[in-house]
Amino acid sequence: MRTPIIVGNWKLNNTINEAITLVKSLRSLVVDIADVEIVVAPVFTALSAVAQALADANIQLAAQDVFWEDSGAFTGEISPGMLKDVGCNYVIIGHSERRQYFGETDEEVNRKVKAAHTHELIPIICVGESLAERETDKTDAVIKDHVLNGIAGVSADQIPSTVIAYEPVWAIGTGRNATPDQAQEVHALIRSVLSDIYSADVATQVRIQYGGSVKPDNAAALIMQPDVDGALVGTASWEAESFAQIATAVHNTYSTDKT
Ligand code: 13P
């Protein structure tokens, strides 16, 4: 069975001190959860301090973005090796906010994904359709494009250590989550795309998270779906209590209903 993974995307929030306070209270609330991978993604400036606050904890560290070059004249960028150096195991790539506000393209997403793998950072590749695309029946085509372009050149050996996050743009920060059925439908599509490219066996090893208005009260129903292997959480991860409640809901679902 795939190990569930929940990631708290803190987005553009928290000074170093605020980040440390948040992660310390989260750490105490989830101390007993061993069967769910719990990850937080602070801003770059807080990564080092949060890494120290997480020493020996059951919480891992992610960055919110990465550049594909190792070093050189690329003012303002951060390389995969630097993220490994500060203690990251994961990196979020191609979030819809980066695509929307910073013009990030599928090609750039793909370069970042390949660079992350080169440095043994696990990429969390975000894919998802806009409301207009859903309403004009373009969801499947958009998802296939995002997935195929995002993983181009990723080998069958690397794909099991790749996470895909389905985040419908219309569900992000809106309080309107995809229904469990809507999420399952797209997750199954993503898995079938992976199966076509690699193999059914390889596809079953890849974790696919759902993101978009995940809250303590809807997490269990989403996680129950057979192809939903975790959650990428924004707003509800900015408070230790609500993120811990989501982690607990995932843990309870896996230890009871989802086998
Ligand atoms: P919300 O949980 O605030 O909808 O954000 C989702 C998200 O963008 C996570 O990356």
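Computed over heavy atoms, backbone and side chain alike; hydrogens, waters and symmetry mates excluded. It should be emphasised that the depicted structure is a prediction, and the values quoted were computed from it without experimental measurement. Indexing begins at 1, ligand by ligand and atom by atom, following the structure's order.
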Exercise. Backbone or side chain, does any N or O of K215 fall under 3.5 Å from an N or O of ligand 1?
Worked result: no
Exercise. Do the side-chain N and O atoms of Y90 and E37 include a donor-acceptor pair separated by under 3.5 angstrom?
Worked result: yes
Problem set entry | Contact partition for A171 relative to ligand 1, non-hydrogen atoms under 4.0 Å | backbone
Problem set entry | Sub-4.0 Å atoms of ligand 1 with respect to non-hydrogen atoms of N9 | 9 (C), 10 (O)
Seminar exercise, completed: Atoms of ligand 1 under 4.0 Å from any heavy atom of L232, numbered from 1 in the order shown, are 9 (C), 10 (O)
Exercise. N/O to N/O below 3.5 Å, does that happen between E97 and ligand 1?
Worked result: no
Exercise. Judged by modelled atom types alone, do S79 and H119 share a side-chain donor-acceptor pair under 3.5 Å?
Worked result: no
Exercise. Of all the heavy atoms in S213, does at least one lie under 4.0 Å from an atom in ligand 1?
Worked result: yes
Seminar exercise, completed: heavy-atom search around atom 9 (C) of ligand 1 in the protein gives E167 OE2, 2.9 Å
Seminar exercise, completed: closest protein heavy atom to atom 3 (O) of ligand 1 is T235 OG1, 2.4 Å
Exercise. Among G173, G128, A236, G234, whose heavy atom sits nearest atom 4 (O) of ligand 1?
Worked result: G173
Problem set entry | Side chain proximity check, I78 to L83, heavy atoms < 4.5 angstrom | yes
Exercise. Can you tell me if D227 uses its side chain to pair, donor with acceptor, with the backbone of Q184 under 3.5 Å?
Worked result: no
For this session: Could you check D106 against R99 for side-chain contact (heavy atoms from CB on, under 4.5 Å), going step by step and ending with a plain yes or no?
Result: CA-CA 9 Å; D106 279 347; R99 295 178 190 257; 2.7 Å; yes
Exercise. Parallel, tilted or perpendicular: which fits the ring planes of F74 and F67, with parallel below 30° and perpendicular above 60°?
Worked result: tilted
Problem set entry | Salt-bridge criterion met for E108 and R98 (N-O under 4.0 Å) | no
Exercise. Among the heavy atoms of G175, does any lie under 4.0 Å from an atom of ligand 1?
Worked result: no
